**Q** 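Have a look at this one.
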Amino acid sequence: MKKIFVVNGPNLDMLGKREPQIYGKTTLADIKKICEEAAKAKGYELVFSQYNGEGEIIDELHRAYTDAAAVVLNAGAYTHYSYAIADAVKMLPCPTVELHISNVFARESFRHESVLSPYCTALIAGLGANGYAHAVTAAIELIRD
């Protein structure tokens, strides 16, 4: 079965507790279920992960290189400065959707810049936890067999 990778970065394991006024009360476990349903509805298997370390995210993107039909990436704060993650995204042969729960452009100015965006196929931001279902669906729609 074809696989959709959803890779989450630092502090996303604290969803539901961390700044609920920004990120909502939905937990990462809830988001995983949302993603599984979206992938299954389109006939795909979901590979869902969360890492607080930059190297672990890169390792997961390396696995996605050979195993993923598409990737959804919420790299958290690494979005704004990790050239190492950007290089890993750049080499992916499949569609990659950059995802943000909040509207990063309505927040602190440092969040307005993404070093990942130039290498991603699409960007979804500001839809809350529901953005994940949209991102999984969009990633599947971008697959060119």
Side-chain angles (χ1 to χ4, degrees), residues 2-61 63-65 68-144:
K2 294 181 182 178
K3 297 177 183 177
I4 303 300
F5 277 56
V6 176
V7 183
N8 293 281
N11 299 312
L12 291 165
D13 56 326
M14 297 302 291
L15 288 174
K17 300 174 187 171
R18 174 187 175 216
E19 299 178 279
Q21 71 282 10
I22 295 173
Y23 299 106
K25 295 184 179 178
T26 305
T27 67
L28 195 61
D30 296 330
I31 288 172
K32 181 179 180 183
K33 289 177 190 172
I34 290 167
C35 292
E36 286 171 339
E37 290 170 7
K40 186 178 178 182
K42 298 285 187 178
Y44 286 81
E45 179 183 341
L46 184 76
V47 177
F48 192 90
S49 60
Q50 186 278 325
Y51 302 103
N52 288 316
E54 183 179 31
E56 295 166 308
I57 294 168
I58 293 165
D59 289 342
E60 188 71 355
L61 293 172
R63 283 186 284 279
Y65 181 86
V71 173
V72 173
L73 175 60
N74 183 346
Y78 287 130
T79 299
H80 314 294
Y81 66 89
S82 178
Y83 295 103
I85 292 174
D87 284 344
V89 171
K90 183 179 181 181
M91 76 173 99
L92 290 172
C94 62
T96 304
V97 177
E98 179 181 341
L99 174 66
H100 302 284
I101 294 170
S102 67
N103 178 356
V104 292
F105 303 103
R107 296 184 62 197
E108 302 94 336
S109 61
F110 78 89
R111 296 185 194 275
H112 300 178
E113 179 69 27
S114 168
V115 299
L116 308 179
S117 289
Y119 310 112
C120 290
T121 314
L123 169 70
I124 294 175
L127 297 178
N130 291 328
Y132 277 86
H134 292 289
V136 168
T137 300
I140 291 168
E141 290 174 358
L142 291 166
I143 295 169
R144 304 285 182 245

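Count residues from 1 along the sequence. None of the values given here were measured: they were computed from a predicted structure.
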**Q** Could you tell me which residues satisfy side-chain contact (heavy atoms from CB on, under 4.5 Å) with Tyr65, sequence neighbours excluded, listed by chain and number?
**A**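 side-chain contact (heavy atoms from CB on, under 4.5 Å) list for Tyr65, sorted by chain: Met91, Leu92, Pro93.
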
**Q** In Å, rounded to the nearest 0.5 Å, how long is the span from OH of Tyr83 to CG of Leu116?
**A**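 Tyr83 atom OH to Leu116 atom CG measures 10.0 Å (nearest 0.5 Å).
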
**Q** Would you confirm whether Asn74, through its side chain, and His100, through its main-chain N or O, come within 3.5 Å as a donor-acceptor pair?
**A**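 No, because the side chain of Asn74 does not come within donor-acceptor range (under 3.5 Å) of the backbone of His100.
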
**Q** Would Tyr119 and Asp87 count as a side-chain contact (heavy atoms from CB on, under 4.5 Å) if you check the C-alpha gap in whole Å, the side-chain angles of each, and the deciding distance to 0.1 Å?
**A** CA-CA 8 Å; Tyr119 310 112; Asp87 284 344; 5.6 Å; no

**Q** If I compare all heavy atoms of Ala38 with all of Val136, which pair ends up nearest, and what's the gap?
**A**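 Smallest heavy-atom distance, with atoms named: CB-CG1, 3.9 Å.
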
**Q** Identify the heavy atoms of Gly9 and Ile57 that sit nearest to each other, and give their distance.
**A**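 Looks like CA-CD1, 3.7 Å.
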
**Q** Apply side-chain contact (heavy atoms from CB on, under 4.5 Å) to residues Ile124 and Val72 and explain how you reach the verdict.
**A** CA-CA 10 Å; Ile124 294 175; Val72 173; over 6 Å; no

**Q** Decide yes or no for Phe5 and Leu73: does some side-chain heavy atom of the first lie under 4.5 Å from some side-chain heavy atom of the second?
**A**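 Phe5 does not reach Leu73 side chain to side chain.
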
**Q** How far does CG of Leu46 sit from CD of Glu36, to the nearest 0.5 angstrom?
**A**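 The distance works out to 5.5 Å.
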
**Q** Identify the heavy atoms of Ser114 and Pro118 that sit nearest to each other, and give their distance.
**A**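 Between these two residues, the closest heavy atoms are O-CD, 3.7 Å.
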
**Q** Considering non-hydrogen atoms only, spot the tightest contact between Ala69 and Cys94 and give its length.
**A**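 Answer, listing the atom of Ala69 first, then Cys94: O-CB, 3.2 Å.
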
**Q** Counting distance only, does the side-chain N/O of Tyr78 pair as donor-acceptor with the main-chain N or O of Pro10 below 3.5 Å?
**A**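 Such a contact is absent between Tyr78 side chain and Pro10 backbone.
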
**Q** Restricting to non-hydrogen atoms, name the atom on Ile140 and the atom on Ala39 that form the minimum distance, rounded to 0.1 Å.
**A**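 That closest heavy-atom pairing would be CD1-CA, 4.3 Å.
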
**Q** From Asp13 CG over to Asn8 CG, what is the distance, rounded to the nearest 0.5 angstrom?
**A**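 Asp13 CG to Asn8 CG: 9.5 Å, rounded to 0.5 Å.
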
**Q** Report yes if the side chains of Ile101 and Leu15 come closer than 4.5 Å at any heavy-atom pair, otherwise no.
**A**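 Yes, side chains in contact.
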
**Q** Can you tell me how far the CD1 atom of Ile34 sits from the CG atom of Leu28, to the nearest 0.5 Å?
**A**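 Spacing of CD1 (Ile34) from CG (Leu28) equals 10.0 Å.
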
**Q** Check salt bridge (charged side-chain N to carboxylate O under 4.0 Å, His left out) between Glu60 and all other residues, then give those that pass, not counting sequence neighbours.
**A**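 So Glu60 forms a salt bridge (charged side-chain N to carboxylate O under 4.0 Å, His left out) with Arg63.
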
**Q** Looking at residues at least two apart in the chain, or sitting in another chain, which of them share a side-chain hydrogen bond (donor to acceptor under 3.5 Å, both in side chains) with Asn52?
**A**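 Result, side-chain hydrogen bond (donor to acceptor under 3.5 Å, both in side chains) vs Asn52: Gln50.
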
**Q** Does some side-chain heavy atom of Glu54 sit less than 4.5 Å from a side-chain heavy atom of Ile58?
**A**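 They are in side-chain contact.
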
**Q** Indicate whether the side chain of Asp30 and that of Tyr132 have a donor and an acceptor atom separated by less than 3.5 Å.
**A**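 On atom types as modelled, these side chains do not qualify, holding no pair under 3.5 Å.
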
**Q** Just by distance, do the side chain of Thr121 and the backbone of Thr96 share a donor-acceptor pair under 3.5 Å?
**A**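 Side chain of Thr121 to backbone of Thr96, a donor-acceptor pair under 3.5 Å: yes, one is there.
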
**Q** Rounded to the nearest 0.5 Å, what separates atom NE2 in His80 from atom CD in Glu113?
**A**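 The NE2 atom of His80 sits 9.5 Å away from the CD atom of Glu113.
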
**Q** Taking all non-hydrogen atoms of both residues into account, name the closest pair between Val115 and Ala86 and its distance.
**A**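 Heavy-atom minimum between the residues: O-CB, 3.5 Å.
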
**Q** Ser82 side chain to Thr79 main-chain N or O, any donor-acceptor pair under 3.5 Å?
**A**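 No, because the side chain of Ser82 does not come within donor-acceptor range (under 3.5 Å) of the backbone of Thr79.
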
**Q** With the side chain counted from C-beta on, respond yes when Val89 and Val71 share a heavy-atom pair under 4.5 Å apart, and no when they do not.
**A**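 The answer is no; the side chains never approach within 4.5 Å.
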
**Q** Would you please test Ile143 and Ile4 for side-chain contact (heavy atoms from CB on, under 4.5 Å) and show each step?
**A** CA-CA 10 Å; Ile143 295 169; Ile4 303 300; 4.0 Å; yes

